[in-house]
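Below is one structure, written out as structure tokens, with a few remarks after it.
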Amino acid sequence: MFPFRVPLDRWISDAVDFLVRELGAVFDGFSAFVYFMVDNLKDGMLTLHPLILMAVIVAITWYMAGWRNSLFAVIGLLLTENIGLWQAFVETLALVLTAEILVMVVGLPLGIYAAKNDRFDSIIRPVLDFMQTMPAFVYLIPAVMFFGLGLVPGVVATFVFALPPLIRLTNLGIRQVPKELTEAADAFGATDMQKLFKVQVPVAKATIMAGVNQSIMLGLSMVVIAAMIGAGGLGEDVLRGIQRLQVGQGFEAGLVVVILAIILDRITAGIGARKNNG
Amino acid sequence: MIVITWDYFMPGLPGIRSSVQWAYMASGILENMQEKIVVKNLFKVFGKHPDRALKALKQGKSKDDILKETRLVVGVQDASFTVYKKEIFVLMGLSGSGKSTLERLLNRLHEPTSGEIIIDGIDITRLNKKELRDFRRKHFCGMVFQNFAILPHRTVLGNVEFGLELQGVDKETRHKRAMEMIQQVGLEGNEESYPDQLSGGMQQRVGLARGLAVDADIILMDEAFSALDPLIRRQMQDELLQLQNKLQKTIVFVTHDLDEAFRLGDRIAIMKDGKIVQVGTAEQIISKPADDYVKAFVEDMDRSAVLTAGSILQPLVEQAFPNDGPRTMMRKIRQNKLTGLVMTDKAKTLKGYVIARELADYINKNKDKEDIPFDNNLIQQPSIVHLDMPLTEVINVYSDNQFGPVVVVDHNQIVHGVVTRGSILAALSEDPDIQVMDNKEK
Ligand SMILES: Nc1ncnc2c1ncn2[C@@H]1O[C@H](COP(=O)(O)OP(=O)(O)O)[C@@H](O)[C@H]1O
Ligand SMILES: [Mg+2]
């Protein structure tokens, strides 16, 4: 239709090249940091005897989500160990936790800021829409360009994919805090920080935790995709199952992802429902 | 004729009134009361470039016109009034009349568009952000809201401590103070409950205790009892009055309910379209509504339930003194066409009542004497009512009365005036200016 083609592809790859060239040191530093986190988390968990780590996970589940869910955790975790996927399970857990920590470190402040600043909210909204509707595979490309293959780009791709819901729900939760509650705080002479941490965040906690929950679930849905660029863990077992047409093995790994998802879901939902004098 | 009794109005609690109400009743003098909040020409316009609305208001345009022309909402216009120390000042008006806006201007939850708000001599419209924060901490017991606005994630204790916690009061002190306040509002035993475990009335007690816990003296209450069902509401009103008797705060109370306004308010400001149309005591508003708007409000109220002996009495035109002779008394009676004389000493302390007919008979019996001594047997005990007795009760006393008018006294038996059939009729009639003279012997 047109006598020319918009060279969108070249622009983007040029931009990525530019960033890699100019900001290489930054990416390297970040990469080292993420690797340090995931690796230590993973190694730390793997030095524990599986039964001890299981006991810890079950205890947390019990405390946050009640005995029924902890019973499920016992069965699920023992099964994981029994079918030889314990190490993969721990690797995936480390990856997801690292990504989620990054999501929280970045997402909570951005969500809070979006709730306080309508301009920022209107800017970030389409960006988040874009991030969520973009096919997850697409994130692999820049992640690999910036960080090469392996664990780190896996974490980064997971982070980017899992970030939007936390920002969105933090923003929403804080905006939904009844006006009278913040007025009450103001009327007592609260500072902005007191209002934020003694009223807005605690009252919005259930919604914010729903954001944490959603982003963890999205993160887990990236497990297999991240494995395609060498992030390892359960995703790798699923991939292997697909590539070698070993339905049973692939399915087993998929099932363990589901077990992990359910446990993390119940724990975060439990935290969201809790009251405390915060 | 009388449908509402005192008991209906204040069940089981006759005579609960704040000290300020007593002060009004005993003296009717406002001058000696200290100013707490002075509001001068206060405007609040919502929207961008509010100056346009201020200009239009100066040209005499109405709130509706301004909304149409400029898309600006006039919340409060040209409000000026004074709230005195230790009084309950009520802002009353229909929904949308600007009560909440005006209340929120008082602690600058809303920024005034123009005007002054002087609290304890300080114009708070000039304070910067930090000064304002400190001022709020020092002078305001937070605010009490219609929907309670207590923190759902905190226990009762945690909520009551809130204001003190913001001020950085140490844990032990604030625990102690909070527990005291929880006791004050009757919530002891519920310290560890969460708000969702409490009834509406109890939640509002938490809201009240939270305010009282901070050591300040202005309480702002916005429709604080409006969400409660009528019985609980009445109970909370009584408790507020009792608390106020003890604590002596300055309360600015917003309500759309006239009953509540009259029950609680030492004085009431009636608002319409952001303007204050009348400020006065319940009696003043009932007997002299400033315009048809106020009149329409007041018409639903039973006048007899709000008026008191003090507000309908007629001052004495003449009285007998203990050392007056019978003929002097008779002259006073004739000159003023009275049916008798109230006898007082020079300090106006009540001594009794002399009936004209009995006095005439006595003079007649002794008419040949040059100098008739006064016979103390002529002194009768008249029916008396206290200044603050509601009209409904006064009517009862009057109808049981054997002779003469009913004498109105205060605590020290000082005579303030009398209530006659005429003053009762006038008070009950639509037009308060009709004064039926009562010369008829009963
Ligand atoms: N934040 C606001 N923004 C714009 N208009 C407002 C705001 N708050 C109140 N108003 C308007 O101001 C007027 C007075 O409202 P309000 O003070 O809430 O009345 P009341 O408390 O007597 O019901 C109404 O017309 C209302 O719509
Ligand atoms: Mg209101």
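Fair warning: this is a prediction, and the values are worked out from it, not measured in the lab. Every chain is numbered from 1 and lettered A, B, ... according to where its sequence line falls, protein lines coming before strand lines.
The structure places NZ of B:K129 at 8.5 Å from OG1 of A:T191, a figure rounded to the nearest 0.5 Å. Rounding to the nearest 0.5 Å places CZ of B:R136 at 5.5 Å from CG of A:D186. For the atom pair CD of A:E183 and CG of B:L220, the computed distance is 11.0 Å after rounding to the nearest 0.5 Å.
The two residues A:A187 and B:N107 come nearest to each other via the heavy atoms CB-ND2, 3.7 Å. Of all heavy-atom pairs spanning A:A184 and B:A149, the tightest one is CB-O, 4.3 Å.
Panel note: side chain A:Q194, backbone B:L166; a donor-acceptor pair is recorded below 3.5 Å.
Looking at B:F135, there are no atoms closer than 4.5 Å to chain A (heavy atoms on both sides), in backbone or side chain. Contacts of A:T182 with chain B are absent, with no heavy-atom separation under 4.5 Å from either backbone or side chain. Only the backbone of B:I150 comes within less than 4.5 Å of a heavy atom of chain A; no side-chain atom from C-beta onward does.
The number of heavy atoms from other shown groups lying within 6.0 Å of CD (B:E111) is above 12. Other residues, nucleotides and ligands place more than 12 heavy atoms under 6.0 Å from the CE atom of A:M131. The 12-atom threshold is exceeded at CZ of B:F46, counting heavy atoms of other residues, nucleotides or ligands nearer than 6.0 Å. The environment of NZ in B:K138 is sparse: at most 12 heavy-atom neighbours from other residues, nucleotides or ligands sit within 6.0 Å. Counted within 6.0 Å of CZ on A:F33, heavy atoms from surrounding residues, nucleotides or ligands total 12 or fewer; the atom is thus considered open.
In terms of heavy-atom pairs under 4.5 angstrom with chain A, the leader among B:K130, B:R137, B:R108 is B:R137. Between chain A and the options B:M143, B:Q167, B:R104, the largest number of non-hydrogen pairs under 4.5 Å is found for B:R104.
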- Trace of the side chain to side chain contact (heavy atoms under 4.5 Å, CB included) decision for A:K198 with B:R154: CA-CA 10 Å; A:K198 289 183 190 290; B:R154 286 177 174 233; 4.1 Å; yes
